[in-house]
Amino acid sequence: MSEADHIKAPWVAEPTGPWSGWDGWEVFGPDRQHIADINGSQREPDRQAYARLISAAPELLQVAQDFQEALQELGLFCECGESDCRTTRLRAAIAKATRQPHE
């Protein structure tokens, strides 16, 4: 399965309320596809922040991939592998977001 098969944007975060049986946030993909529930013992500002971050994930991944491509095209993409290198961290973040569970 490719990224395009399972990461379609936009994702949106919406609050739920007492009427739903619990107070938290839900994240939906296109066509109201359920992505995540954010509830539990966290404070409301934290639940809302988690929901916003999760809902931004597809766009953040696309920007990271575009930025990596631009750096490579400009010959500015470092291959040093040092843990504090920005391009090493960029590659790691993209890999974390795109690798399959069994990898």
Side-chain angles (χ1 to χ4, degrees):
M1 179 184 300
S2 74
E3 291 167 43
D5 292 333
H6 66 278
I7 303 177
K8 296 192 186 309
W11 291 2
V12 296
E14 296 179 0
T16 60
W19 64 88
S20 67
W22 55 274
D23 194 16
W25 287 78
E26 291 182 279
V27 178
F28 297 98
D31 301 320
R32 304 279 305 160
Q33 174 192 10
H34 185 263
I35 303 294
D37 292 317
I38 299 89
N39 58 16
S41 61
Q42 302 95 355
R43 299 173 342 183
E44 170 54 22
D46 294 338
R47 289 192 302 261
Q48 184 178 10
Y50 297 149
R52 285 194 319 264
L53 181 59
I54 291 167
S55 69
E59 290 92 349
L60 291 171
L61 175 58
Q62 186 61 58
V63 168
Q65 292 170 323
D66 291 347
F67 189 62
Q68 176 177 296
E69 185 179 317
L71 288 174
Q72 289 169 327
E73 288 172 0
L74 295 169
L76 299 173
F77 195 75
C78 178
E79 299 286 349
C80 71
E82 295 292 325
S83 62
D84 63 344
C85 175
R86 287 182 228 172
T87 55
T88 299
R89 293 190 334 256
L90 177 64
R91 277 195 313 275
I94 292 169
K96 184 176 183 178
T98 59
R99 77 178 150 240
Q100 298 296 313
H102 62 276
E103 292 181 51

Engineer: Would you call Gln33 and Phe28 a side-chain contact if the rule is heavy atoms closer than 4.5 Å?
Structural biologist: no
Engineer: Should side-chain heavy atoms under 4.5 Å link Ile, Leu, Val, Met, Phe, Trp and Tyr, which residues sit in the same cluster as Val63?
Structural biologist: none
Engineer: Flag the pair Trp25 / Asn39 as yes when at least one side-chain heavy-atom distance between them is below 4.5 Å, and no otherwise.
Structural biologist: no
Engineer: Atom CD in Gln68, atom OG1 in Thr87: separation rounded to 0.5 Å?
Structural biologist: 8.5 Å
Engineer: If you group Ile, Leu, Val, Met, Phe, Trp and Tyr by side-chain heavy-atom gaps below 4.5 Å, do Leu61 and Phe77 land in one group?
Structural biologist: yes
Engineer: Only counting residues at least two apart or in another chain, list the ones meeting side-chain contact (heavy atoms from CB on, under 4.5 Å) with Leu74.
Structural biologist: Leu76
Engineer: Is the CZ atom of Phe67 crowded by more than 12 outside heavy atoms at less than 6.0 Å?
Structural biologist: no
Engineer: I'd like to know if Glu14 pairs up with Arg32 as an ion pair, taking the criterion as any Lys NZ or Arg NE/NH1/NH2 lying under 4.0 Å from an Asp or Glu carboxylate oxygen.
Structural biologist: yes
Engineer: Using the side-chain contact (heavy atoms from CB on, under 4.5 Å) criterion, which residues pair with Ala70? Sequence neighbours excluded.
Structural biologist: none
Engineer: Hey, does Glu26 have a side-chain heavy atom less than 4.5 Å from the side chain of Ile38?
Structural biologist: no
Engineer: Tell me every residue that passes side-chain contact (heavy atoms from CB on, under 4.5 Å) with Leu60, counting only those two or more places apart in sequence or in another chain.
Structural biologist: Leu53, Ala56
Engineer: Apply salt bridge (Lys or Arg N to Asp or Glu O under 4.0 Å) to Glu79 and list each qualifying residue two or more places apart in sequence or on a separate chain.
Structural biologist: Arg91
Engineer: Taking only residues at least two apart or on different chains, which pairs with a member in residues 80-90 satisfy salt bridge (charged side-chain N to carboxylate O under 4.0 Å, His left out)?
Structural biologist: none
Engineer: Filter on side chain to side chain donor-acceptor pair (under 3.5 Å), then keep only pairs touching residues 50-64, sequence neighbours left out; what's left?
Structural biologist: Gln62-Asp66
